[in-house]
Amino acid sequence: MPQSGSALVGGETAEMPGMYSGGDYDLAGFSVGAVERGQVLPYLDQQKAGDIIIGLASSGPHSNGYSLIRKVVEKSGLAWGDDAPFAKDKTLAQALMEPTRIYVKPVLPLMKAGLVKGAAHITGGGLIENPPRCIAEGLQAAFDWNAWALPPVFEWLGQVGGISDHELRRTFNCGVGFMLIVSPENAEPVLAALLNAGEDAFICGQLEAA
């Protein structure tokens, strides 16, 4: 896996009613890593109100929320091979199944340098359920929802599916595929490093007292 510098060492199978039938199955792989005990994130004892949340842009739904996506596509009346209304020169299938962005190479050096207090992939559970797993007790994420534009794919899903903002944020990454928690004094250096690495990164909120 050249994007992450890791080797595929195992996997699992999953049943998905309505997606597969007969002898079909889904094969999913995973990676295993090692880290020194003292370097395991998050550093909960170092987090404070006012720490900055930096978001790294996603490339799409990132393999999450597809049961809901399938229902929205069905409701839209479009076929998977039709042109995507929200993406130029792509079919609906191509646009909705854009490969997940991998963040290892731009983020790992920042973690090794001790510039990151917490980090989370925004997977199933979206921006509602994922951030708390990397935030200390007594603190919470306060997102500035105007800090980035909702990508067209999520805007389309929300409009066609009649999905509320809260449900979108609870189900999808809404454009933030990965988030970092950093000290205010490290926010600009970290942001600059990510931008220099080619990431679409932005300050999207801060920690506040829960």
Side-chain angles (χ1 to χ4, degrees), residues 1-4 8 10-31 53 55-104 119-134 140-179 199-202 204-205:
M1 300 173 66
Q3 291 185 55
S4 62
L8 186 65
E12 63 181 55
T13 59
E15 294 182 9
M16 301 175 70
M19 178 65 74
Y20 303 119
S21 62
D24 296 339
Y25 65 92
D26 175 56
L27 176 64
F30 63 90
S31 299
I53 301 174
L56 284 77
S58 66
S59 55
H62 282 196
S63 303
N64 294 287
Y66 276 89
S67 293
L68 179 55
I69 288 174
R70 287 169 56 214
K71 290 181 180 179
V72 173
V73 171
E74 183 178 352
K75 183 178 181 181
S76 76
L78 295 172
W80 290 98
D82 290 344
D83 291 340
F86 53 87
K88 186 178 180 181
D89 299 328
K90 289 186 177 181
T91 67
L92 190 59
Q94 290 172 331
L96 288 173
M97 298 183 70
E98 184 73 26
T100 298
R101 190 161 184 80
I102 305 299
Y103 303 99
V104 174
H121 272 112
I122 308 305
T123 55
L127 287 166
I128 302 296
E129 297 178 5
N130 283 283
R133 59 187 174 146
C134 71
Q140 63 184 8
F143 287 105
D144 176 3
W145 300 107
N146 295 314
W148 75 98
L150 184 69
V153 57
F154 301 112
E155 186 175 2
W156 181 80
L157 288 168
Q159 290 176 351
V160 175
I163 306 170
S164 68
D165 288 344
H166 177 81
E167 190 63 19
L168 276 176
R169 295 165 184 170
R170 192 184 72 84
T171 305
F172 302 110
N173 63 62
C174 294
V176 180
F178 198 81
M179 60 169 271
E199 290 297 319
D200 180 3
F202 43 88
C204 60

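Being a predicted model, the structure only gives us computed values, none of them experimental. Keep in mind that the numbers below use all heavy atoms, side chains included, and drop hydrogens, waters and symmetry copies.
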Please round to the nearest 0.5 Å and tell me the distance separating atom [atom1] of [X] and atom [atom2] of [Y].
X: Cys174; Y: Ile128; atom1: SG; atom2: CD1; value: 8.5 Å
X: Leu92; Y: Met97; atom1: CG; atom2: CE; value: 11.0 Å
X: Thr171; Y: Tyr66; atom1: OG1; atom2: OH; value: 13.0 Å
X: His62; Y: Thr123; atom1: NE2; atom2: OG1; value: 11.0 Å
X: Arg169; Y: Leu127; atom1: CZ; atom2: CG; value: 8.5 Å
X: Glu155; Y: Leu168; atom1: CD; atom2: CG; value: 10.0 Å

Short question: side chain of [X], backbone of [Y] - any donor-acceptor pair under 3.5 Å?
X: Glu167; Y: Ser164; result: no
X: Asn173; Y: Gly60; result: yes
X: Asn64; Y: Gly124; result: yes

Atom of [X], atom of [Y] and distance for their closest heavy-atom approach:
X: Phe178; Y: Ile122; result: N-CG1, 4.3 Å
X: Asn130; Y: His121; result: OD1-O, 3.4 Å
X: Thr100; Y: Ser63; result: OG1-OG, 3.4 Å
X: Ala120; Y: Cys134; result: CB-SG, 3.9 Å
X: Cys204; Y: Ala147; result: CA-CB, 4.0 Å
X: Ile53; Y: Ala141; result: CD1-CB, 3.7 Å

4.5 Å side-chain heavy-atom contact, [X] and [Y]:
X: Phe154; Y: Ser58; value: yes
X: Met179; Y: Pro131; value: yes
X: Ile163; Y: Leu68; value: yes
X: Pro85; Y: Leu78; value: yes
X: Lys90; Y: Glu98; value: yes

Problem - Test side-chain contact (heavy atoms from CB on, under 4.5 Å) applied to Leu157 and Phe86, step by step - result: CA-CA 10 Å; Leu157 288 168; Phe86 53 87; over 6 Å; no
Practice task
Classify the angle between the aromatic ring planes of Trp148 and Phe143 as parallel (below 30°), tilted (30 to 60°) or perpendicular (above 60°).
Solution key: perpendicular
Exercise for the section: I would like to know whether Trp145 and Leu150 meet side-chain contact (heavy atoms from CB on, under 4.5 Å); could you show each step before the answer? Expected result: CA-CA 9 Å; Trp145 300 107; Leu150 184 69; over 6 Å; no
Handout entry: From CA spacing to verdict: side-chain contact (heavy atoms from CB on, under 4.5 Å), Trp156, Val72
Key = CA-CA 9 Å; Trp156 181 80; Val72 173; 4.0 Å; yes
